[in-house]
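Below is one structure; the comments refer to it alone.
Order of the sequence lines fixes the chain letters, A, B, ..., with proteins taken first and strands second; residue numbering starts at 1 for each chain.
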2 protein chains.
Amino acid sequence: MELSERKKKILKSVIDSYIRTGEPVGSKLLTGTSDLQVSSATIRNEMNELERMGYLEQPHASAGRVPTAEGYRTYVDGLMEQYLLSLEELKVLNEVFNYKVSEIERLMESASHAISEMTNYTSFSVIRPSGRNAQRFETLYIDEHSFLLIMICTDGSIRNRHVKVRMSVDPEMLKTVADALNATMSGVCSEDVTLQSVLEFEERLGAHSGIAATVLRVIYDMLNSTDSEKVHIDGVTKLLSYPEFSDVEKAKDAIALFEDRRDFAQKIMSRSTDEKGLTVHFGEADLPDAGIVLQPIIINGKTVGAIGVMGPKRMDYKKVIASLQYFVDNVGKQFEGESENEQEHRKKPE
Amino acid sequence: MELSERKKKILKSVIDSYIRTGEPVGSKLLTGTSDLQVSSATIRNEMNELERMGYLEQPHASAGRVPTAEGYRTYVDGLMEQYLLSLEELKVLNEVFNYKVSEIERLMESASHAISEMTNYTSFSVIRPSGRNAQRFETLYIDEHSFLLIMICTDGSIRNRHVKVRMSVDPEMLKTVADALNATMSGVCSEDVTLQSVLEFEERLGAHSGIAATVLRVIYDMLNSTDSEKVHIDGVTKLLSYPEFSDVEKAKDAIALFEDRRDFAQKIMSRSTDEKGLTVHFGEADLPDAGIVLQPIIINGKTVGAIGVMGPKRMDYKKVIASLQYFVDNVGKQFEGESENEQEHRKKPE
DNA sequence: ATTAGCACTCGTAGAGAGCAAGTGCTAAAA
DNA sequence: TTTTAGCACTTGCTCTCTACGAGTGCTAAT
């Protein structure tokens, strides 16, 4: 059933006001604001209907109205106007790009920080856990008792560990190790390491097989580690400023969401993977008073991560959405279709 | 001025009780508990004196007593009994060691997690930011448009970045880059890069000088990044369960401490560096109701980091201290005097 | 279809009473 | 001299009650 123009106006005004003040909004309040040229009684009638239609609700009988999830949904889907980022805000966001960082991970971290500051909500960025298939191994001699073990995965991501060993190592030996690994462990993920490949690996090591156990353990660790570092969270305390979370129990629930980063990343990515664009979620994850805006980051057609904002359900969606969209548009420009990010190079006539 | 035996007993009982319940403790309560065989009136008199001496205080005139910072101090410095870790608890802690991890960083992370779970307070681990002097550079070819730039610092720590470039690279060229870096940038820290060394670096690159800007920027980034990943925090929400933090404002203050990890690491390390052993801090950092137990981690005479617990000022110090000490003792055993950590090797007759 | 008016509902803030906990002090007992 | 019982006093907390204000739905008039 379609909403009449006036109902839309009223719904929008209610939500705008509620977002601004956090107070349930009554009919009288609306007669003053907005371009509604009707009396409070008329508005009351309309609000009554909006309530029956499921867009508004009353905290208690004699209070004003508050939007329902459905109300917010229609609001973000078409009612709210577009937010124009101020020059100030653009400056802050652009700074993220100007301080060129070569890795998208760090770029997203700074963006997340900037967005949290700008919107005054909690912001987070998540890098999609990379495919776990090892493609190639490299070793690098550090000193007599340690070396760097580098694993290059099929998706291009790289992991490495500084391995310290008791026995002494030398570059040639490390070369042997790398070769043995590449011969036996290439393309594996954690599950398909077989006893056979392990044995073959040890065999190829020849005289150096003493190091096998250590190396295998490190590789196992690399394959299974969840890169919890790739989850960034910024401005958690900001949430606590909103009355929605002034009850410690609620605050606890909200913050608990970020506590287990691994788990959080999974939740976020599972919601972002199938989406092409920005999505808005209300009152999920046992957080009835929270809203989450989620923006997948897609580069060259692949979802590499997501950046998002969490705030009270009545957060300023238009501002949040504008910020996230500005970021993702510019990330696109910077990373699409190329693996390099330098303007210096473009300037050179080469 | 020395405390009489009886005063000590009373002070200890008060603090024990307060830690357990969080309620101010009155004179009557103590007649029941502990081995004080005196009446409440006597205890009242003693408490009165303890108050004048600065060990106890009253939240308000008709309430029981609460320990002051001074009270806690003497308590942890000698009054409290030793806590014996239960078999359960030992099991949890030992698991951290049994799942052998080669890097102390990860070991401390798991320990921090275990300790937080065990004590039900927030726990953290910090790895001391390594000396920022580059000692040696290495490059590793990944593919035509990217390579790994590895920086080995004077203190043995290693940083690396996956550098993506537009131009195509090959192993020989990367060798040139590494050589040029080692020739010009060895031993530098962020401040003493001179224009001259930059120019010399470019010169040594010869035909490949196009890559100079990118490489230099990455190195600058590596030298200045603060390894915020090396701060681990576990169980923040646990704090919120204690009445001390049931006021959102207080909770906010407490959590804000962990918000800026870089800043937090600095604070922690500046307190740990000069200490050889465990220290206890009460009501610092604008957190009047919080206590922090800090345990520096020293390996081969060098303070490599710290692990600690933050809880309400009335936290169970004896348990916390026992856990931290158990951990640090075993870390010592595992890392002291050797760079390897494998029992597998020890078992071998080699 | 809109609006003014009104009775009604409900949450909140404030005042006051009563209660419980705990103290300091005094005077008696050990 | 030290300890103890007894008591008056202080103070915060909880409960109830009231008044108030905000906002509603409904009815009747425009």
Side-chain angles (χ1 to χ4, degrees), chain A residues 3-11 13-18 20-68 71 243-244 246-247 289, chain B residues 3-11 13-18 20-68 71 243-244 246-247 289:
Chain A
L3 289 170
S4 70
E5 268 318 299
R6 195 169 66 183
K7 280 208 178 56
K8 283 185 187 170
K9 263 187 193 166
I10 291 178
L11 181 55
S13 296
V14 169
I15 300 184
D16 277 337
S17 164
Y18 186 63
R20 211 174 325 111
T21 67
E23 298 290 309
V25 1
S27 56
K28 211 173 262 175
L29 195 76
L30 290 195
T31 56
T33 32
S34 83
D35 46 358
L36 276 304
Q37 294 303 344
V38 289
S39 74
S40 67
T42 309
I43 295 180
R44 266 206 297 285
N45 288 330
E46 293 282 52
M47 282 169 118
N48 196 326
E49 279 190 71
L50 282 168
E51 178 164 5
R52 276 193 294 105
M53 293 162 81
Y55 297 100
L56 296 177
E57 63 187 343
Q58 285 180 290
H60 60 265
S62 80
R65 255 74 173 204
V66 157
T68 61
E244 279 85 348
S246 65
D247 176 20
D289 300 313
Chain B
L3 288 170
S4 71
E5 269 316 302
R6 194 168 67 182
K7 280 208 179 56
K8 282 186 188 170
K9 263 189 192 166
I10 292 178
L11 181 55
S13 296
V14 169
I15 300 184
D16 276 339
S17 165
Y18 186 63
R20 211 172 327 109
T21 68
E23 299 289 310
V25 359
S27 56
K28 210 174 268 176
L29 195 76
L30 290 196
T31 56
T33 32
S34 83
D35 45 358
L36 276 304
Q37 294 302 346
V38 288
S39 77
S40 68
T42 310
I43 294 179
R44 266 205 297 285
N45 289 331
E46 293 282 52
M47 282 168 117
N48 196 327
E49 279 190 70
L50 281 169
E51 178 163 3
R52 277 192 296 105
M53 294 162 83
Y55 296 101
L56 296 177
E57 64 188 341
Q58 287 180 289
H60 59 267
S62 78
R65 255 75 173 204
V66 157
T68 61
E244 279 85 348
S246 65
D247 177 20
D289 300 313

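In this structure, B:Val14 and B:Leu30 approach most closely via the heavy-atom pair CG2-CD1, 3.6 Å. Scanning all heavy atoms of the two residues, the minimum distance from A:Ile15 to A:Pro67 falls at CG1-CG, 3.7 Å. In plain terms, the two heavy atoms of A:Pro59 and A:Pro24 that are nearest each other are CG-CG, 3.9 Å. Closest approach of A:Ser17 to A:Leu29, counting heavy atoms only: OG-CD2, 3.5 Å. Between B:Ala63 and B:Gln58 the shortest heavy-atom distance is O-NE2, 3.1 Å. When all heavy atoms of B:Ser40 and B:Ser27 are compared, the pair lying nearest together is O-CB, 3.6 Å.
You can see that DNA chain C meets the heavy atoms of chain A within a 4.0 Å-exclusive cut from C:dT2 to C:dG11, reading 5' to 3'.
Put simply, the side chain of A:Leu50 does not reach to within 4.5 Å of the side chain of A:Arg65, judged on heavy atoms.
Heavy-atom neighbours of A:Lys7 NZ from other residues, nucleotides or ligands within 6.0 Å: above the threshold of 12.
Taking atom CD of residue B:Glu46 and atom C1' of nucleotide D:dT4, one finds them 14 Å apart after rounding to whole Å. For the pair A:Leu56 CG and D:dG23 C1', the computed distance is 14 Å after rounding to whole Å. For A:Gln58 and D:dG23, the CD to P distance is 11 Å, given to the nearest whole Å. One can place NE2 of A:His60 at 8 Å from C1' of D:dA22, the figure rounded to the nearest angstrom. Here D:dG23 presents its P atom at 17 Å from CG of A:Asn45, a figure rounded to the nearest Å. For the pair B:Arg6 CZ and D:dT1 P, the interatomic distance rounds to 16 Å; values are reported in whole Å.
Looking at which nucleotide of DNA chain D each of A:Ala61 and B:Ser62 is closest to, the 5′-most match is held by B:Ser62. Take the nearest nucleotide of DNA chain D for B:Ser40 and for B:Pro59: the residue whose nucleotide is more 5' is B:Ser40.
For D:dT24, one of the phosphate oxygens OP1 or OP2 lies less than 4.0 angstrom from a side-chain nitrogen or oxygen of A:Ser27.
Side-chain atoms of A:Thr68 come within 3.5 Å of backbone atoms of A:Gly54 as a donor-acceptor pair (strictly under, hydrogens ignored).
Taking only side-chain atoms of B:Thr42, from C-beta outward, the nucleotide of D:dT11, D:dT24, D:dT3 with the closest atom is D:dT3.
Overall bending of the helix from C:dA1-D:dT30 to C:dA30-D:dT1, expressed as the angle between end axes built from five pairs apiece, is 20° (10° steps).
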